[in-house]
Amino acid sequence: MNLFTSFRKSLAIILIVSIFVVILLDVVFKNSSEVFSGAALLSDFIVRLAYSFIAATLFYFIAVHMKEFNSRKNVSSVISSNIEQLVKLKEILLTELYHIAVTRDNREVNWPEGQGSTIKGYYPINSELELLLKNVPLRKTRHSLDNWIYRFDFFCKEIIPHCETILLFSSYLKADELRLIASLRSHKLISKIAMYTSNEFHGLPIGNDEISFLNSEVESILSIFKEIELNVWHS
């Protein structure tokens with residue numbers, strides 16, 4: 001995203017409309033006869049208002065937007081790197097889930113079409129995710145950790161530092177970007193996995209043979225990752 005395409009769309013629309021009004025009333029129809037009494041005064045008022053909008057928008061662009069854009073560029077490498085790491089962690093986790101599910105004897109889950117050895121830029125729809133998690137045994141992973149409670153715990157602990165690093169630069173983030181990163185940092189999957197990890201550590205039974213009991217949390221966190229991948233820090 002460059003200096004101009006990153007400009008606020010609402011202000012860009014105001015600028016374009018104002019310029020159009022000025023051209024229309026102050027150039028094209030400047031010497032036209034009045035359509036009704038007082039039309040000239042109304043036209044003059046609208047033109048002056050349009051000029052004010054143009055001046056204010058240009059002032060905002062120069063004094064505020066350019067400064068914000070340059071500030072974002074200065075921290076871009078740090079934030080971009082952490083966003084990329086978050087996305088990679090999600091890709092590794094999702095790839096591992098599919099590897100376990102597609103190798104089951106029932107063959108209910110297929111590898112996502114068009115994906116290579118690592119699943120990138122792909123987010124299963126709700127019904128597909130539900131089937132996927134039903135076909136992942138709780139105590140079968142491709143990781144050194146021997147069950148998915150510990151595997152998800154490891155995943156959560158990996159994403160937290162990246163979120164916290166990004167949040168250190170919250171003044172450079174847009175409101176929606178800040179919302180998404182904060183939502184990921186405080187996601188309910190983190191607290192739920194922490195609870196199950198404690199239970200597992202103390203030998204308390206989980207009572208599930210596969211990980212479909214995490215469907216709601218996994219679905220929710222993947223939707224946040226999708227928004228982050230599509231909308232966060234494209235500068």
Side-chain angles (χ1 to χ4, degrees), residues 1 76-104 107-167 169 173 176-194 196-197 210-235:
M1 187 177 291
S76 180
S77 60
V78 177
I79 296 178
S80 295
S81 174
N82 280 276
I83 293 294
E84 289 173 5
Q85 290 302 313
L86 284 173
V87 172
K88 285 181 181 178
L89 290 172
K90 181 273 303 179
E91 291 172 349
I92 293 170
L93 183 76
L94 194 58
T95 299
E96 186 174 347
L97 287 168
Y98 269 98
H99 267 295
I100 298 298
V102 298
T103 54
R104 295 199 75 178
R107 303 293 182 181
E108 288 185 351
V109 178
N110 296 315
W111 193 259
E113 187 175 351
Q115 291 292 324
S117 57
T118 300
I119 297 174
K120 298 182 178 182
Y122 180 82
Y123 293 87
I125 61 175
N126 295 347
S127 58
E128 182 183 354
L129 178 63
E130 183 178 359
L131 183 63
L132 171 65
L133 299 183
K134 282 182 178 179
N135 280 276
V136 177
L138 179 63
R139 302 189 183 280
K140 183 179 180 181
T141 74
R142 299 177 76 242
H143 197 273
S144 57
L145 300 169
D146 65 358
N147 71 58
W148 278 98
I149 297 301
Y150 291 141
R151 178 65 182 91
F152 273 113
D153 183 59
F154 184 75
F155 169 74
C156 291
K157 288 177 178 176
E158 282 187 310
I159 68 174
I160 288 173
H162 294 295
C163 290
E164 292 183 343
T165 299
I166 295 168
L167 291 173
F169 302 94
L173 298 172
D176 281 345
E177 293 174 332
L178 185 58
R179 172 185 61 82
L180 288 168
I181 299 301
S183 296
L184 183 60
R185 171 60 184 87
S186 59
H187 196 270
K188 57 187 177 182
L189 178 66
I190 296 174
S191 57
K192 189 168 185 176
I193 287 298
Y196 279 118
T197 300
E210 22 72 16
I211 62 172
S212 58
F213 65 97
L214 294 173
N215 184 77
S216 175
E217 290 77 17
V218 174
E219 178 186 330
S220 175
I221 203 168
L222 284 179
S223 69
I224 294 175
F225 269 106
K226 184 176 183 179
E227 284 194 76
I228 289 174
E229 190 168 2
L230 293 176
N231 301 316
V232 175
W233 204 259
H234 295 291
S235 59

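Start at 1 with the first residue, then count along the sequence.
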Next on the checklist: The test is side-chain contact (heavy atoms from CB on, under 4.5 Å); show your working for I79 and L173 and say whether it passes.
Outcome noted: CA-CA 10 Å; I79 296 178; L173 298 172; 4.3 Å; yes

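- Between F152 and W148, the ring-plane angle classifies as tilted under the 30° and 60° cut-offs.
- R151 contributes no side-chain N or O that, together with a main-chain N or O of D146, makes up a donor-acceptor pair within less than 3.5 Å.
- Surrounding NZ of K226 are at most 12 heavy atoms belonging to other residues, nucleotides or ligands under 6.0 Å away.
- Expressed to the nearest 0.5 Å, how far CD1 of I181 lies from CD1 of I83 amounts to 4.0 Å.
- Within the 4.5 Å cutoff, the side chain of R104 has heavy atoms near those of the P137 side chain.
- For G121 against E91, the heavy-atom pair with the smallest separation is N-OE2, 4.2 Å.
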Next on the checklist: Using side-chain contact (heavy atoms from CB on, under 4.5 Å), reason through V109 and V136 one step at a time and then give a plain yes or no.
Outcome noted: CA-CA 10 Å; V109 178; V136 177; over 6 Å; no

Checklist entry - Going through the checks in order, is the side-chain contact (heavy atoms from CB on, under 4.5 Å) test met by I166 and L86? => result CA-CA 11 Å; I166 295 168; L86 284 173; 3.9 Å; yes

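- In this structure, K90 satisfies the cation-pi test against Y123, with its NZ or CZ atom closer than 6.0 Å to the six-membered ring centre and inside 45 degrees of the ring normal.
- Considering only heavy atoms from C-beta on, V218 stays 4.5 Å or farther from L132 through its side chain.
- Between L94 and P124 the shortest side-chain heavy-atom distance falls below 4.5 Å.
- Residues K88 and H162 have side chains not in contact (no heavy-atom distance under 4.5 Å, counting atoms from C-beta outward).
- When all heavy atoms of I190 and R185 are compared, the closest pair comes out as CD1-O, 3.2 Å.
- A distance of 5.0 Å separates CD1 of I211 from CG of L97, quoted to the nearest 0.5 Å.
- Side-chain atoms of I224 and I228, non-hydrogen and from C-beta on, do get closer than 4.5 Å to each other.
- In this structure, H99 and T95 have side chains that are in contact, with non-hydrogen atoms separated by less than 4.5 Å.
- Atom CZ of F155 is separated from atom CG of L89 by 6.5 Å, given to the nearest 0.5 angstrom.
- The CG atom of L189 sits 12.5 Å away from the CD atom of E219 when rounded to the nearest 0.5 Å.
- With S223 contributing its side chain and S220 its backbone, the two residues share a donor-acceptor pair below 3.5 Å.
- When all heavy atoms of I149 and I193 are compared, the closest pair comes out as O-CG2, 3.7 Å.
- Considering CD of E217 and OG of S191, their distance stands at 8.0 Å, rounded to 0.5 Å.
- Q115 and Y98 form no side-chain donor-acceptor contact under 3.5 Å, judged by distance and modelled atom types alone.
- Taking 4.5 Å as the limit, every side-chain heavy atom of I100 sits out of range of all side-chain heavy atoms of N135.
- You'll find the side chain of E158 stays beyond 4.5 Å of the side chain of L93, heavy atoms only.
- Taking all atoms of both residues into account, the shortest heavy-atom contact from E210 to L133 is CB-O, 3.9 Å.
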Item to check | Full working for side-chain contact (heavy atoms from CB on, under 4.5 Å) between D176 and N231 | outcome: CA-CA 9 Å; D176 281 345; N231 301 316; over 6 Å; no

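- Side-chain atoms of S81 do not come within 3.5 Å of backbone N or O of V78 as any donor-acceptor pair.
- Expressed to the nearest 0.5 Å, how far CG of L131 lies from OG of S127 amounts to 8.0 Å.
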